[in-house]
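Scroll down for the structure; my scribbles are underneath it.
Each chain gets a letter, A, B and so on, in the order its sequence line appears, and its residues count up from 1. The analysis underlying the following values was restricted to heavy atoms, covering all of them including side chains, and did not include hydrogens, waters or symmetry mates.
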Amino acid sequence: MPELPEVEVVRAGLAPAAVGSLITAVSVLDERALTRHTPGPADFVARLEGRTFTDAARRGKFLWLPLDSDDSALIAHLGMSGQMLLRSPDAVTERHERIRISIEHPLHGELAIVFADQRTFGSLAVDHLVVDGPTAVPTQVAHIARDPMDPHFDDAGFRVALRRRSSAIKRVLLDQQVISGVGNIYADESLWAARIHPETPASSLSTQSVSRLLAEVRTVLAKALAEGGTSFDAQYVNVNGQAGYFAHSLNAYGRGGQPCPRCGTPIRREAFMNRSSHYCPRCQRRR
DNA sequence: ACGCGCCCCTGACCGC
DNA sequence: TGCGGTCAGGGGCGCG
């Protein structure tokens with residue numbers, strides 16, 4: 001569930017169960033799920049068991065659960081196919097279950113947080129928190145730009161960053177060090193909404209265009225979040241295993257050959273960065 | 001320093 | 001039915 005709306009759905013779903021919960025046991029079924037935790041599985045378990053989650057936070061596509069009594073947090077990156085599922089303590093092992101964290105909440109009782117991940121690009125880690133302006137973030141997240149839903153996102157700084165980049169605007173939207181949380185789906189959707197061709201050099205966009213694009217990014221992300229995120233299959237689900245509805249609202253992504261909802265011209269699909277770009281050749285002219 | 005191509009991994013789907 | 005090729009929401013790394 002990798003882009004900002006899907007990760008936010010997971011964060012919001014975990015929060016009521018995790019915050020205030022005591023970690024009673026941790027089992028690592030597949031060490032590949034700890035590639036971000038270099039000290040290894042034993043250290044990972046030792047840093048969690050007996051601790052309490054105090055919050056549930058997110059920046060871009062990273063989410064983390066801060067721990068009590070020192071400045072550390074359990075961090076999660078879902079990669080392409082990661083899931084964080086809330087299960088009863090006796091739930092059977094998930095097909096692609098990698099890590100299970102057993103918790104006890106003062107009101108809800110015993111639960112399990114299950115990290116399942118088909119493609120193993122996602123991973124968990126325990127990391128130290130560092131101060132980043134008005135907030136604290138794990139060290140592994142410190143290099144990630146604030147996301148556009150962050151109240152401290154710097155709109156003017158974003159405009160300046162784009163002016164300095166000669167790369168295609170879509171490439172820059174996907175650069176998590178410039179703006180975080182946007183992935184392939186929402187980059188295509190935002191560019192379609194702002195009527196900007198994905199190959200347009202970022203530096204050639206007017207201030208007005210950049211402002212319009214940023215507004216559309218926020219609109220698209222907010223709508224997707226309100227609809228529970230985008231799910232094409234069972235890989236992308238909330239903490240209860242339920243899919244989101246935003247796939248029905250997509251205007252460009254995944255719609256190659258189908259008519260543009262605005263003008264009827266067939267949406268074009270092109271290879272881009274080992275992925276695909278979807279855009280309307282009429283509404284989104286190259287300049 | 002940067003921008004870009006490639007790689008990590010599993011499974012679904014398609015055409016032969 | 002089986003097999004090989006292609007494709008998928010991610011990011012990191014090494015090269016030029």
Task: Pairwise C1' distance, C/dG12 and B/dG11 [rounded to whole Å] - done: 23 Å
TODO: Give the rounded distance in Å between these two atoms: CE of A/Met273 and P of B/dC4.
DONE: 8 Å
- [ ] Take the protein atom OH of A/Tyr236 and the nucleotide atom C1' of C/dG10, then report the distance between them rounded to whole Å.
- [x] 9 Å
Task: Interatomic distance, A/Leu174 CG vs C/dG10 P [rounded to whole Å] - done: 7 Å
Open item on the list: Do the side chains of A/Arg171 and A/Asp175 get close enough for a salt bridge, i.e. N-O under 4.0 angstrom?
Closed with: no
Open item on the list: Regarding A/Arg218 and A/Asp155, does a basic nitrogen lie under 4.0 Å from an acidic carboxylate oxygen?
Closed with: yes
- [ ] Grab the CD-P distance between A/Gln176 and C/dG11 for me, whole Å please.
- [x] 4 Å
Task: Side-chain touch A/Ser102/A/Glu110, heavy atoms, less than 4.5 angstrom - done: no
Open item on the list: Does C/dC7 have OP1 or OP2 under 4.0 Å away from a side-chain N or O of A/Ser276?
Closed with: no
- [ ] Would you indicate which nucleotide in C/dG10, B/dG3, B/dG11 comes nearest to any side-chain atom of A/Gln118?
- [x] B/dG11
Open item on the list: Taking any heavy-atom pair under 4.0 Å as a contact, classify A/Arg269: base, sugar-phosphate, or nothing.
Closed with: sugar-phosphate
Task: Whole-Å distance separating the CE atom of A/Met80 from the P atom of B/dC7 - done: 16 Å
Open item on the list: What's A/Asn274 touching, base or sugar-phosphate or nothing? Going by heavy atoms closer than 4.0 Å.
Closed with: base
- [ ] Keeping the roles fixed (side chain from A/Glu6, backbone from A/Pro2), state whether a donor-acceptor pair exists under 3.5 Å.
- [x] no
Open item on the list: Go nucleotide by nucleotide along DNA chain C from the 5' end; which of A/His143 and A/Arg119 gets its closest nucleotide reached first?
Closed with: A/Arg119
Task: Nucleotide forming a Watson-Crick or wobble pair with C/dG9, both distances under 3.5 Å - done: none
Task: Rounded distance in Å - NE2 (A/His96) to P (B/dA12) - done: 7 Å
TODO: To the nearest Å, give me how far apart CG (A/Asp117) and P (C/dG9) are.
DONE: 15 Å
Open item on the list: Would you say A/Arg95 places a side-chain N or O within less than 4.0 Å of OP1 or OP2 belonging to B/dG11?
Closed with: yes
Task: Gap in Å between the two C1' atoms, one belonging to B/dA12 and one to C/dG11, rounded - done: 23 Å
Open item on the list: With the six-membered base ring of B/dC9 as reference, does the ring of A/Phe121 sit under 5.5 Å away with planes under 30° apart?
Closed with: no
Open item on the list: Would you say the ring centers of A/Tyr253 and A/Phe246 fall short of 6.0 Å from each other?
Closed with: no
- [ ] Hunt down the Watson-Crick or G-U wobble partner of B/dG15, both distances under 3.5 Å, from any strand shown, or write none.
- [x] C/dC3
TODO: Please determine, for the side chain of A/His77, which listed nucleotide (C/dG11, C/dG9, B/dC2) has the closest atom?
DONE: C/dG11
Task: C/dG11 OP1/OP2 closer than 4.0 Å to side-chain N/O of A/Lys61 - done: yes
Open item on the list: More than 12 heavy atoms of other residues, nucleotides or ligands under 6.0 Å from CD of A/Glu31: yes or no?
Closed with: no
- [ ] Under 4.0 Å between any heavy atoms, over every strand shown, what does A/Ser166 touch: base, sugar-phosphate, or nothing? Just pick one.
- [x] nothing
TODO: Check whether any side-chain heavy atom of A/Leu225 lies under 4.5 Å from a side-chain heavy atom of A/Val9, and answer yes or no.
DONE: yes
- [ ] Would you indicate what A/Tyr253 reaches in the nucleic acid, counting non-hydrogen atoms under 4.0 angstrom: base, sugar-phosphate, or nothing?
- [x] sugar-phosphate
TODO: Compare side-chain N and O positions of A/Ser167 against OP1 and OP2 of B/dC4 and report whether any pair is under 4.0 Å apart.
DONE: yes
- [ ] Please check the phosphate of B/dC4 (OP1 and OP2 only) for any side-chain N or O of A/Arg171 closer than 4.0 Å.
- [x] yes
Task: Nucleotide of C/dG9, B/dT10, B/dG3 approaching A/Arg32 most closely (side-chain heavy atoms) - done: B/dT10
- [ ] Tell me which of A/Ala168 and A/Arg275 sits closer to the 5' end of DNA chain B, going by the nucleotide each one is nearest to.
- [x] A/Ala168
TODO: Nearest whole angstrom, please: distance from the P of B/dC6 to the CZ of A/Phe272.
DONE: 15 Å
